[in-house]
Amino acid sequence: MNNKQIKNFCIIAHIDHGKSTLSDRIIEYTHSIPERSMQDQVLDNMDLEKERGITIKLQTLRMYYTSDDTKEYELNLIDTPGHADFNYEVSRSIAACEGAILVVDATQGVQAQTIANLKLALENKLYIIPVINKIDMPNAQPKKVQEELINLNVPNANKALFVSARTGVGVHELLETIVANVPSPNGKKTNPLQALVFDSHYDAFKGIVLHIKIVNGTLKKDEALSLIASDTTFTPMEIGFFTPEMIASNELSCGMVGYVATGLKDPSILRPGDTIINKGILAPALPGYEPAHQMVFAGFYPLDSSDEEKLRSAINKLSLNDSSFSYEEDHSAALGYGFQCGFMGVLHMEIIKERLEREYDIALLTTAPSVPYKLLLKTGEKMLVSNPKNFPDFQYIEKIYEPTLKASIIFQAENIGDVMALCTDKRGIYKETNYLSEDSVELVYIFPASKIVYDFYDKLKSITHGYSSVTYKESDYQESDLVKLDIFLNDEIVDAFSSIVYRDEAYTTGRILVEKMKYVIPRKLYPMPVQAVVEHKAIAREDIPPLRKSATGKGFSGSMSKKRKAAKNIAQNSSRQRKFGKADIPQEALLAILNI
């Protein structure tokens with residue numbers, strides 16, 4: 001097909017504004033999937049996505065549409081996630097498109113992720129098609145939402161389309177707008193092959209499967225190919241496109257979106273953003289993607305130590321499908337061998353953990369999330385530390401710097417007092433207030449990363465009754481008075497419980513933590529002290545009582561001298577067990593840290 005009749009576009013929106021439902025209606029209208037195979041949120045193919053009601057992975061689909069002027073077009077749709085933790089997925093989708101459908105809920109209006117995704121699309125010079133969705137709802141206010149878009153200087157806001165993804169109203173007009181206005185790919189078939197790798201996944205039979213967009217040239221099945229950044233050569237087992245099932249074809253030409261099954265089995269050699277070229281035919285590498293900057297770090301350890309190799313293989317394969325998380329091997333004295341992983345946020349961490357447990361059948365222990373800190377040592381050396389157990393002793397540290405995030409919070413104006421109080425409680429620094437409409441307001445704050453990535457979103461939703469949204473991006477590091485809080489169990493440090501806290505919050509945090517440990521650590525036949533320690537000083541302590549065996553209890557016969565001797569033996573055994581015994585660390589104890 002002539003690349004003038006190819007249209008590559010993505011759908012971007014805030015979470016729960018109807019992206020997936022709109023994708024369903026477009027698919028139905030173009031008859032891209034047989035009616036018997038159609039289901040709600042058809043592009044959300046993971047059980048986890050359906051259970052949580054959110055899109056986690058970008059999905060690609062080729063459709064064919066005959067416009068009102070009787071021309072046939074090839075439409076390549078990329079559905080994207082809406083949550084801020086999956087923003088890296090959105091950025092990779094946008095780089096493979098020439099247009100973007102910006103979906104806004106007619107009942108909620110512009111939200112934080114709406115603006116964030118819009119900025120990404122504009123930075124990549126995409127044509128924007130504003131769509132105001134859910135106009136069939138009784139409380140819909142499409143004209144008011146359109147005014148918000150106009151006030152924000154959204155391109156083509158005055159021509160925004162009013163659509164109901166649930167009923168299908170406005171879908172025809174949307175498709176006509178896509179074929180009339182979204183630019184066609186501007187590459188040439190006669191140029192040397194250049195294909196952008198924007199995603200990938202692992203297939204047990206086909207090896208690593210690359211999701212690609214042909215920027216220049218033509219890719220044919222039997223030709224040897226090279227990956228520039230990975231310095232790897234291969235002959236594809238299969239090439240084709242998504243419907244969303246993988247459909248094999250003999251070639252992919254300029255402007256098309258599809259896949260290449262490489263047959264390669266080592267997941268570590270490939271990353272999205274690489275460029276595919278023909279072997280032996282030189283062509284410049286495409287710009288690719290900036291590396292993801294992880295903001296939350298946590299340890300994953302298998303409950304069964306025999307699953308260590310299984311976990312290593314699973315993480316390698318999963319990283320192909322989600323390149324926004326990082327990992328490195330780690331060892332904990334309490335938990336054994338595992339991986340220290342970096343994530344875009346706490347929700348991202350939860351999703352990765354659930355995918356590992358479900359897709360690869362591995363039971364995991366997860367340590368408390370942490371953020372990366374910069375340290376200036378007294379020797380003048382600088383360090384970047386994301387795992388609290390790797391912090392040097394306090395006597396060697398001159399200064400500690402923590403990361404900050406610039407957060408944009410959008411909510412109903414009537415809640416402004418409560419929201420500002422929450423921001424102050426989270427050590428936020430006020431920057432500005434913007435009124436998007438009469439009853440919608442945006443607050444901009446600078447927060448310590450450790451204060452916003454954990455439970456801020458839940459508390460914000462609670463005080464605004466669900467009518468709020470927040471998005472954030474990295475800001476600078478700032479000097480803070482922080483200390484390392486260690487937990488000692490039975491006089492031995494448990495490195496999995498170590499955390500970095502503010503000095504003025506150390507006692508309160510330590511006291512709450514040891515009190516929780518007292519009830520979640522399984523009891524033994526000997527007493528076990530639990531201590532919170534800061535700078536070699538115990539600031540809080542609780543004792544886990546022993547499981548007692550009474551030498552003088554009911555059913556014990558004998559003289560008093562025998563009873564005293566039995567009691568003495570029990571005491572000596574308890575002392576010996578305490579010296580050589582090892583405490584069990586259940587997942588509940590690790591989760592207790594998250595809830596303080």
Side-chain angles (χ1 to χ4, degrees), residues 297-299 301 330-336 365-371 373 375 377-378 383 385-400 402 427 448 450-451 454 480-548 571-596:
F297 292 82
Y301 300 88
D330 189 38
H331 179 263
S332 166
L335 304 177
L365 280 169
T366 309
T367 62
S370 179
V371 298
Y373 296 93
L375 308 182
L377 305 184
K378 292 182 178 179
M383 295 179 63
V385 182
S386 58
N387 192 339
K389 75 173 188 178
N390 295 331
F391 262 63
D393 196 273
F394 77 96
Q395 61 184 325
Y396 302 115
I397 301 175
E398 182 70 31
K399 295 178 181 179
I400 301 178
E402 66 175 337
R427 297 180 181 258
S450 60
K451 287 294 184 179
Y454 299 153
S480 299
D481 189 12
L482 300 164
V483 294
K484 180 183 177 184
L485 176 65
D486 288 318
I487 299 298
F488 281 72
L489 177 59
N490 198 24
D491 299 329
E492 290 186 359
I493 188 171
V494 183
D495 52 16
F497 290 160
S498 297
S499 58
I500 307 302
V501 299
Y502 291 95
R503 186 181 296 274
D504 58 2
E505 296 177 359
Y507 173 75
T508 303
T509 303
R511 168 52 55 192
I512 294 172
L513 193 52
V514 297
E515 287 177 353
K516 287 194 173 188
M517 294 296 104
K518 179 178 179 180
Y519 296 103
V520 297
I521 298 293
R523 293 164 66 186
K524 298 289 186 179
L525 292 175
Y526 49 88
M528 293 187 294
V530 184
Q531 296 172 297
V533 176
V534 171
E535 296 179 348
H536 304 318
K537 297 177 182 177
I539 59 173
R541 172 175 172 149
E542 289 287 341
D543 289 309
I544 301 173
L547 292 169
R548 297 185 180 278
Q572 288 175 345
N573 287 336
S574 296
S575 177
R576 189 181 304 110
Q577 286 177 338
R578 179 184 170 187
K579 182 177 181 181
F580 297 103
K582 184 178 180 181
D584 297 324
I585 311 294
Q587 178 70 62
E588 291 76 11
L590 296 167
L591 292 176
I593 302 177
L594 301 180
N595 299 322
I596 59 176

Short N-O contact, Glu542 and Arg511, less than 4.0 angstrom |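 Between Arg511 and Glu542 there is a salt bridge, with a charged N closer than 4.0 Å to a carboxylate O.
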May I ask you to say whether Asp393 pairs ionically with Lys378, meaning some side-chain N is under 4.0 Å from a carboxylate O?
->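 No, Asp393 and Lys378 are not salt-bridged.
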Rounded to the nearest 0.5 Å, what separation is found between the [atom1] atom of [X] and the [atom2] atom of [Y]?
X	Y	atom1	atom2	answer
Asn490	Lys524	CG	NZ	10.0 Å
Ser370	Asn390	OG	CG	10.0 Å
Lys389	Thr367	NZ	OG1	9.0 Å
Lys484	Ile500	NZ	CD1	7.0 Å
Tyr373	Ser450	OH	OG	4.5 Å

Which heavy-atom pair separates Arg523 from Pro546 by the least distance, and what is that distance?
->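 That would be NH2-O, 2.7 Å.
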For the residue pair Ala506 and Val483, what are the closest heavy atoms and their distance?
->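 Nearest heavy atoms, Ala506 then Val483: CB-CG2, 4.1 Å.
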Can you check whether [X] reaches [Y] side chain to side chain, under 4.5 Å on heavy atoms?
X	Y	result
Met383	Pro392	yes
Pro388	Phe497	no
Glu535	Arg503	yes
Asp491	Pro529	yes
Leu485	Ile539	yes
Tyr301	Thr366	no
Leu482	Val501	no
Met528	Ile521	yes

Do side-chain atoms of Arg541 reach the backbone of Val530 as a donor and acceptor pair under 3.5 angstrom?
->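 No, because the side chain of Arg541 does not come within donor-acceptor range (under 3.5 Å) of the backbone of Val530.
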Would you sort out whether Ile487 and Ile493 count as a side chain to side chain contact (heavy atoms under 4.5 Å, CB included), showing the intermediate values?
-> CA-CA 6 Å; Ile487 299 298; Ile493 188 171; over 6 Å; no
Taking atom CZ of Phe394 as the centre, report whether more than 12 heavy atoms of other residues, nucleotides or ligands fall under 6.0 Å from it.
->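 More than 12 within 6.0 Å, yes.
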Stepwise side chain to side chain contact (heavy atoms under 4.5 Å, CB included) test for Asp486 and Asp495 | CA-CA 7 Å; Asp486 288 318; Asp495 52 16; over 6 Å; no
Step-by-step side chain to side chain contact (heavy atoms under 4.5 Å, CB included) determination, Phe391 to Ile400 | CA-CA 10 Å; Phe391 262 63; Ile400 301 178; 4.1 Å; yes
Evaluate side chain to side chain contact (heavy atoms under 4.5 Å, CB included) for Asn387 paired with Asp330, printing each intermediate quantity in order.
-> CA-CA 10 Å; Asn387 192 339; Asp330 189 38; 3.5 Å; yes
Run through Arg427, Lys451, Glu402 and flag the one making a side chain to side chain donor-acceptor pair (under 3.5 Å) with Tyr502.
->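 With Tyr502 as partner, Arg427, Lys451, Glu402 yield a single side chain to side chain donor-acceptor pair (under 3.5 Å), made by Glu402.
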